[in-house]
J.: 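Take this structure first; my questions come after.
Values below: every heavy atom of this structure, side chains too, minus hydrogens, waters and symmetry copies. Values in this document were obtained by computation on a predicted structure and should not be read as measured data.
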Amino acid sequence: MAQAGAGRRYVRAFVSGFFVAVPVTVTVLDRFAYVARVEGASMQPSLNPEGNVTGSDVVLLNRWSVRNYQVRRGDIVSVLSPKNPQQKIIKRVIALEGDFIKTLGYKNRYLKVPDGHFWIEGDHHGHSLDSNSFGPVSLGLVHGRASHIIWPPNRWQRIEPSIPPERMPLLNWHADATEDEEKD
């Protein structure tokens, strides 16, 4: 009889713990961070440098850092694909709103990134479906910023923002306007 009472207490404790743990876990994953596997060659050599030979990189995506749609040039971000909203893609931020850039095959050779948008590209040009295919991306589609590679263990590292020098924006309209106002 005592064993039955202990069993019930165990089940009751498990169920109550479950009902606390699930909402907490969902909140953490929704607001703070989650992990994602990076598939494909579009971000080589930064991510998946050896292709799928050793498996895909797994990254920590920080959702908290993009909660106000604040991204920086050089960040690697996860966004909902403008072509397929059921798919998330991971790319590098090349330009922000107001930046003038030279595109790599987009319909306009030079482009000013519109307000509320940014320009993303894969590191492995020619193997990436990115802004050069679909144009500037709405900031509202950003889902998270890749902050660390967490798998495989030999690749554990923090991901620092960087842009290849040849892909830097040509001009930032907003920054130039701010500098002009400060000079007055």
J.: Answer whether the closest heavy-atom distance between the side chains of Leu47 and Ile159 falls below 4.5 Å.
T.: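 A side-chain contact under 4.5 Å exists here.
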
J.: Hey, what do you get for CD1 (Ile101) to CZ (Arg109), rounding to the nearest 0.5 Å?
T.: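 The CD1 atom of Ile101 sits 11.0 Å away from the CZ atom of Arg109.
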
J.: Applying ring-ring contact (aromatic ring centres under 6.0 Å, His included), can you list everything that pairs with His148, at least two apart in sequence or on another chain?
T.: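 His148 satisfies ring-ring contact (aromatic ring centres under 6.0 Å, His included) with no other residue.
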
J.: For residues 135-155, which residue pairs qualify under salt bridge (Lys or Arg N to Asp or Glu O under 4.0 Å), counting only residues two or more places apart or in two chains?
T.: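 Non-adjacent pairs meeting salt bridge (Lys or Arg N to Asp or Glu O under 4.0 Å): Asp57-Arg155.
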
J.: Return the CG to OG distance between Leu60 and Ser147, rounded to the nearest 0.5 Å.
T.: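 It comes to 4.0 Å.
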
J.: Between Asn108 and Tyr110 (side chain of the first, backbone of the second, donor and acceptor by atom type, cut-off under 3.5 Å), is there such a pair?
T.: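 Judged by distance alone, no pair lies under 3.5 Å.
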
J.: Would you kindly say whether Lys88 and Ser81 are connected by a side-chain donor-acceptor distance under 3.5 Å?
T.: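 Lys88 vs Ser81: no donor-acceptor pair found between side chains.
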
J.: Do His117 and Val137 have side-chain heavy atoms sitting under 4.5 Å apart?
T.: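 Not in contact.
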
J.: Under 3.5 Å, is there a donor-acceptor pair between the side chain of Glu97 and the main chain of Val113?
T.: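 No: the side chain of Glu97 does not pair with the backbone of Val113.
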
J.: A side-chain contact here means heavy atoms from C-beta on lying under 4.5 Å apart; do Val71 and Val66 qualify?
T.: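 Yes, their side chains come closer than 4.5 Å.
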
J.: Counting N and O atoms only, with roles assigned by atom type, does the side chain of Ser56 sit under 3.5 Å from a partner on the main chain of Arg37, one being a donor and the other an acceptor?
T.: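 Such a contact is absent between Ser56 side chain and Arg37 backbone.
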
J.: Does Ile76 form a side chain to side chain contact (heavy atoms under 4.5 Å, CB included) with Met43? I'd like the steps, not just the answer.
T.: CA-CA 9 Å; Ile76 295 178; Met43 287 302 295; 3.8 Å; yes

J.: Verify, without hydrogens or angle tests, whether Ser42 (side chain) and Gly122 (backbone) share a donor-acceptor contact under 3.5 angstrom.
T.: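 Not at all, since once roles are kept as given, no pair shorter than 3.5 Å links the two residues.
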
J.: Mind checking the OG-CZ spacing from Ser65 to Phe32? Nearest 0.5 Å is all I need.
T.: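 Answer rounded to 0.5 Å: 12.0 Å.
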
J.: Check whether any side-chain heavy atom of Ile90 sits under 4.5 Å from a side-chain heavy atom of Val59, and report yes or no.
T.: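 In contact.
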
J.: Could you see if Leu104 belongs to whatever hydrophobic cluster contains Phe134? Use Ile, Leu, Val, Met, Phe, Trp, Tyr and a side-chain cutoff under 4.5 Å.
T.: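 Leu104 and Phe134: separate clusters.
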
J.: Side chain to side chain donor-acceptor pair (under 3.5 Å) with Ser131: which residues, sequence neighbours excluded?
T.: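 With sequence neighbours excluded, Ser131 shows a side chain to side chain donor-acceptor pair (under 3.5 Å) to no residue whatsoever.
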
J.: Hey, what do you get for OG (Ser133) to NZ (Lys83), rounding to the nearest 0.5 Å?
T.: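 It comes to 7.5 Å.
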
J.: Taking the side chain as C-beta and beyond, is there a heavy-atom pair between Asp99 and Lys112 under 4.5 Å?
T.: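 They are not in side-chain contact.
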
J.: Quick one, Ile94 and Ile120 - any side-chain contact, counting heavy atoms below 4.5 Å?
T.: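 Of all side-chain heavy-atom pairs linking Ile120 with Ile94, none is under 4.5 Å.
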
J.: Taking only residues two or more places apart in sequence or in another chain, which ones pass salt bridge (Lys or Arg N to Asp or Glu O under 4.0 Å) with Arg158?
T.: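 For Arg158, the residues satisfying salt bridge (Lys or Arg N to Asp or Glu O under 4.0 Å) (neighbours in sequence not counted) are Glu160.
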
J.: Centroid separation under 6.0 Å, is that true for the rings of Trp119 and Tyr106?
T.: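 Yes: the rings meet the under 6.0 Å criterion.
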
J.: To the nearest 0.5 Å, how far apart are CG in Leu111 and CZ in Phe100?
T.: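 Between Leu111 CG and Phe100 CZ, I get 8.5 Å after rounding to 0.5 Å.
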
J.: Run the ring-ring contact (aromatic ring centres under 6.0 Å, His included) test against His127 and tell me which residues pass, sequence neighbours left out.
T.: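 If we apply the ring-ring contact (aromatic ring centres under 6.0 Å, His included) test to His127, skipping adjacent residues, the hits are His124.
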
J.: Quick check for you: to the nearest 0.5 Å, what is the distance between Leu80 atom CG and Ser78 atom OG?
T.: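 So the gap between those two atoms works out to 7.0 Å.
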
J.: In sequence, state the C-alpha distance, the side-chain angles, and the governing distance for Leu170 and Lys102, and then conclude on side chain to side chain contact (heavy atoms under 4.5 Å, CB included).
T.: CA-CA 7 Å; Leu170 304 173; Lys102 182 178 179 183; 4.2 Å; yes

J.: Using atom types as modelled and distance alone, determine if a side-chain donor or acceptor of Trp151 lies under 3.5 Å from a backbone N or O of Val58.
T.: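 Between the backbone of Val58 and the side chain of Trp151 there is no qualifying donor-acceptor contact (under 3.5 Å).
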
J.: Where is the tightest heavy-atom contact between Val142 and Val79, given as atom of each residue plus distance?
T.: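 Heavy-atom minimum between the residues: CA-CG1, 3.7 Å.
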
J.: For residues 120-144, which residue pairs pass the salt bridge (Lys or Arg N to Asp or Glu O under 4.0 Å) check, not counting sequence neighbours?
T.: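 Non-adjacent pairs meeting salt bridge (Lys or Arg N to Asp or Glu O under 4.0 Å): Arg92-Asp123, Glu121-Arg167.
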
